[in-house]
A.B. asks: 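To start, I am sharing the structure in question, which I have written as structure tokens.
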Amino acid sequence: MNTSVVIAGVKLKNPVMTASGTFGSGMEYSEFVDLNRLGAVVTKGVSLTPWEGNPTPRIAEVYGGMLNAIGLQNPGIDTFIKRDLEFLKNCDTTVIVNVCGKTMEEYIGVVERLADTDVDMLEINVSCPNVKEGAIAFGQNPEALAKITKALKEKAKQPIIMKLSPNVTDIALMAKICEDNGADAVSLINTITGMKIDINRRSFVLANRTGGMSGPAVKPVAVRMVYQAAQAVSIPVIGMGGIVTAEDALEFIMAGATAVAVGCANFTDPYATVKVIEGIEKYMTDNNVEDVKELTGCVR
Amino acid sequence: MKIKETATIISQECLCEGVYSMWLATSIAKKAQAGQFVSVYSNSDARLLPRPISICEIAGAGDGADTKIPGRIRLVYRTVGEGTREFSRMSAGDKLEILGPNGNGFLPALREEIRPGTKALLIGGGIGIPPMVGLAAQLGCDVTIVAGYRTGKEMFLTEELERYGKLYISTDDGSAGTKGCVIDAIEEAGLNADVIFSCGPRPMLRGVKDFSLSRSIPSYVSMEERMACGVGACLGCVCSAEDVDDHSKVKNKRVCVDGPVFEVSEVVL
Ligand SMILES: Cc1cc2nc3c(=O)[nH]c(=O)nc-3n(C[C@H](O)[C@H](O)[C@H](O)COP(=O)(O)OP(=O)(O)OC[C@H]3O[C@@H](n4cnc5c(N)ncnc54)[C@H](O)[C@@H]3O)c2cc1C
Ligand SMILES: Cc1cc2nc3c(=O)[nH]c(=O)nc-3n(C[C@H](O)[C@H](O)[C@H](O)COP(=O)(O)O)c2cc1C
Ligand code: FES
């Protein structure tokens, strides 16, 4: 049985990775999960300097999902390279670093700092609030997305995955823009902007008022968007949004995802990633599937 | 080392309106320390996130009849929403997924400060009272406890607390003990201490911080924040720190792993 997949020349031992921000850099979860089993570890978003993130409450549970407004708190690229990448070096898995920034220059700065590390790929989170373009994320504006994809592709030493926001009208267009400007892959979906109100306190539950929704409740939206993106581009698509079980992951793969990521399911079950991997293997055995790639995009 | 496992409910009882006590059989008991908490998972797929609940007592570490059988922990919790209401409907023999032990607990502080004659003041407010029972049991020094309740009709764990030291009570409406807050009870009784431990609502912790700092008494508070992962990975549960934290490199500390217990001057209350 072959579960390995290739994205931009980088081989993953299986198509299951962690979704950025839900797994730290793997350190905390390594108490539960053998990181060597994972297709890839995708780190929490990292910026040029340390970011404080948003005030709390940052977390709200909603029916079948959750809202988060962490605000991309992170220790900055220097600490990240010294501590997190040092830790990941000892793991036999593909390492993908999620990159964030408030300006084009910040993104470029992070990408350049990562150039001489042995990181395998970069995932560019274009959903950060962009101070220059009036708090609209790069990922929500076609021209800005084109510009940043092109600029980062020029600077990056590793393949770049553009992580797409679902908060757009035409996801196929956004995926195509990334492909046309040199992206090696796209990943989606990032969280869907949501809100929860505490009717007893008559106020917002999150200090930030809005938060990004993820979890099982977003899965149908995510599968639809992955399908549309996969139809529009020929670069690999990485699918995520509400994956809890192998069956969920297989939906994304059949919709066209070369690989998938498990996000907030880790919070419900720290073993979720490994269970998804084992479930995919079992599906392949039960259905005589020799190579997982036979399933990729098999539903058209 | 943390573990996630299916625990069996040994007993469940209602202590007073809306407050429940549950004994669980779990291997987490072997590793747990006072002030640590467990993540309790719902059996409903609609509720993804675990509920953080403090360990109230650890069997083998206390004097009560219930606490003699090793391999058990006690959780005492208030029903505030769907998750805790679900737990309250469960009974002996039912299964519950839990992960723990989480957080630092009071122990790191204990090693430094406590000798047999040390005067420790334990302050619990409302649903912050439960972890004080486990702490009182583990301290092994001169323990005084102050517990703040809303009203005399809704008091719980007073018997357990009295096993370990003199208990002072405050109630918001004055129906038992001192009328007012825990600090009012402390001042009324003229209590002093070598070290203070507290857990309770934010305004109470602020009062404790002021009291401790004004008298230069070493003081440890147990904090609360909304959590998602409970293991230090998601950065959902941070509290504001006075100084740049060594792990986060910003003025934030993770309540779930760096806490929930903090030295009072480390955190902004
Ligand atoms: C370290 C720690 C220890 C705790 N120990 C205890 C204890 O010993 N006894 C006890 O009764 N309660 C304790 N709490 C509070 C307890 O976690 C919440 O009351 C509980 O999560 C509420 O869940 P719910 O589904 O009933 O409420 P809902 O309001 O329906 O919960 C919705 C979401 O908000 C979260 N949430 C709601 N209130 C709180 C809160 N006060 N703190 C953190 N998350 C919250 C829930 O976990 C859930 O994700 C503790 C909290 C923390 C952080
Ligand atoms: C707490 C939390 C933090 C996140 N942080 C990031 C991040 O730093 N960068 C990023 O690109 N996506 C981040 N995400 C989005 C996830 O990677 C993922 O796209 C999304 O949660 C959908 O997957 P899920 O439903 O499986 O969680 C975060 C999600 C959560 C829940
Ligand atoms: S709850 Fe995730 S870091 Fe504390």
Side-chain angles (χ1 to χ4, degrees), chain A residues 18 21-32 43-45 49-80 83 200 205-207 211 214-217 242 244-245 263-271, chain B residues 1-6 31 39-52 80-84 97-103 202 223-241 244-258 267-268:
Chain A
T18 62
T22 63
F23 207 74
S25 293
M27 242 172 272
E28 290 81 12
Y29 278 102
S30 64
E31 267 193 63
F32 304 96
T43 70
K44 170 76 188 160
T49 54
W51 282 6
E52 291 260 354
N54 289 324
T56 58
R58 292 176 171 183
I59 303 284
E61 194 182 56
V62 295
Y63 198 93
M66 64 175 284
L67 301 176
N68 90 82
I70 309 293
L72 294 163
Q73 181 188 322
N74 78 87
I77 187 69
D78 292 336
T79 301
F80 178 83
R83 180 179 64 203
N200 296 316
V205 172
L206 296 171
S214 58
V244 177
T245 63
C264 60
N266 291 300
F267 306 155
T268 316
D269 182 0
Y271 306 102
Chain B
M1 206 51 185
K2 297 183 180 78
I3 32 178
K4 181 172 190 253
E5 65 171 21
T6 310
K31 304 154 192 243
S39 292
V40 186
Y41 295 83
S42 168
N43 286 321
S44 160
D45 288 342
R47 290 187 284 279
L48 304 183
L49 302 178
R51 272 57 180 163
V80 297
E82 280 309 316
T84 47
E97 281 293 301
I98 59 175
L99 184 154
N102 295 328
R202 201 49 86 88
M223 306 274 286
E224 205 180 87
E225 196 41 78
R226 308 270 147 156
M227 296 184 176
C229 72
V231 298
C234 75
L235 307 182
C237 68
V238 301
C239 64
S240 296
V244 170
D245 174 67
D246 194 46
H247 181 269
S248 73
K249 303 296 175 194
V250 292
K251 289 183 171 183
N252 281 333
K253 288 180 183 293
R254 296 167 297 176
V255 171
C256 69
V257 288
D258 305 321
V267 287
V268 181

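These numbers come from the heavy atoms of this one structure, side chains and all, not from hydrogens, waters or symmetry mates. Numbered from 1 within each chain, the chains take letters A, B, ... in sequence-line order. None of these values were measured; they are calculated from a predicted model.
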A.B. asks: Are the side chains of Asn68(A) and Cys234(B) in touch, meaning some heavy atoms are under 4.5 Å apart?
C.D. replies: no

A.B. asks: Please identify each residue that fulfils side-chain hydrogen bond (donor to acceptor under 3.5 Å, both in side chains) with Thr245(A), with sequence neighbours left out.
C.D. replies: Glu247(A), Asp248(A)

A.B. asks: Kindly indicate, with the supporting measurements, whether the criterion side-chain contact (heavy atoms from CB on, under 4.5 Å) is fulfilled by Gln73(A) and Asn252(B).
C.D. replies: CA-CA 9 Å; Gln73(A) 181 188 322; Asn252(B) 281 333; 3.1 Å; yes

A.B. asks: For Val62(A), which atoms come within 4.5 Å of any heavy atom of chain B: side chain, backbone, both, or neither?
C.D. replies: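 Only the backbone of Val62(A) comes within 4.5 Å of chain B.
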
A.B. asks: Is there a side-chain contact between Trp51(A) and Val250(B) (heavy atoms, below 4.5 Å)?
C.D. replies: no

A.B. asks: Specify which of Lys251(B), Lys4(B), His247(B) makes the most heavy-atom pairs with chain A at under 4.5 Å.
C.D. replies: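 Max contact count across the listed options: His247(B).
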
A.B. asks: Between Tyr63(A) and chain B, with a heavy-atom cut-off of 4.5 Å, which part of the residue counts as in contact: side chain, backbone, both or neither?
C.D. replies: both

A.B. asks: What option among Glu97(B), Glu225(B), Arg226(B) has the most heavy-atom pairs under 4.5 Å with chain A?
C.D. replies: Glu225(B)

A.B. asks: Mind checking the SG-CZ spacing from Cys237(B) to Arg58(A)? Nearest 0.5 Å is all I need.
C.D. replies: 8.5 Å

A.B. asks: So that I can tick it off, tell me whether Lys2(B) and Glu28(A) are bridged by a salt bridge, with the cut-off set at under 4.0 angstrom between side-chain N and carboxylate O.
C.D. replies: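 Result for this pair is no, no salt bridge flagged.
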
A.B. asks: Nearest 0.5 Å, please: how far is CG in Leu48(B) from CE in Met66(A)?
C.D. replies: 8.0 Å

A.B. asks: Do you know the tightest heavy-atom contact between Phe267(A) and Tyr41(B)?
C.D. replies: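 In terms of heavy atoms, the two residues are closest at O-CE2, 3.4 Å.
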
A.B. asks: Between Asn266(A), Ile70(A), Thr22(A), which shows the greatest number of heavy-atom pairs under 4.5 Å with chain B?
C.D. replies: Ile70(A)

A.B. asks: By a 4.5 Å heavy-atom criterion (distance strictly below it), what part of Asp269(A) contacts chain B: side chain, backbone, both, or neither?
C.D. replies: both

A.B. asks: What's the separation between atom OG1 in Thr56(A) and atom CG in Leu235(B), rounded to the nearest 0.5 Å?
C.D. replies: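 Reported value, rounded in 0.5 Å steps: 12.5 Å.
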
A.B. asks: Between Ala228(B), Gly230(B), Ser240(B), Ser44(B), which residue shows the highest count of heavy-atom pairs closer than 4.5 Å to chain A?
C.D. replies: Ala228(B)

A.B. asks: Apply side-chain hydrogen bond (donor to acceptor under 3.5 Å, both in side chains) to Glu224(B) and list each qualifying residue two or more places apart in sequence or on a separate chain.
C.D. replies: none

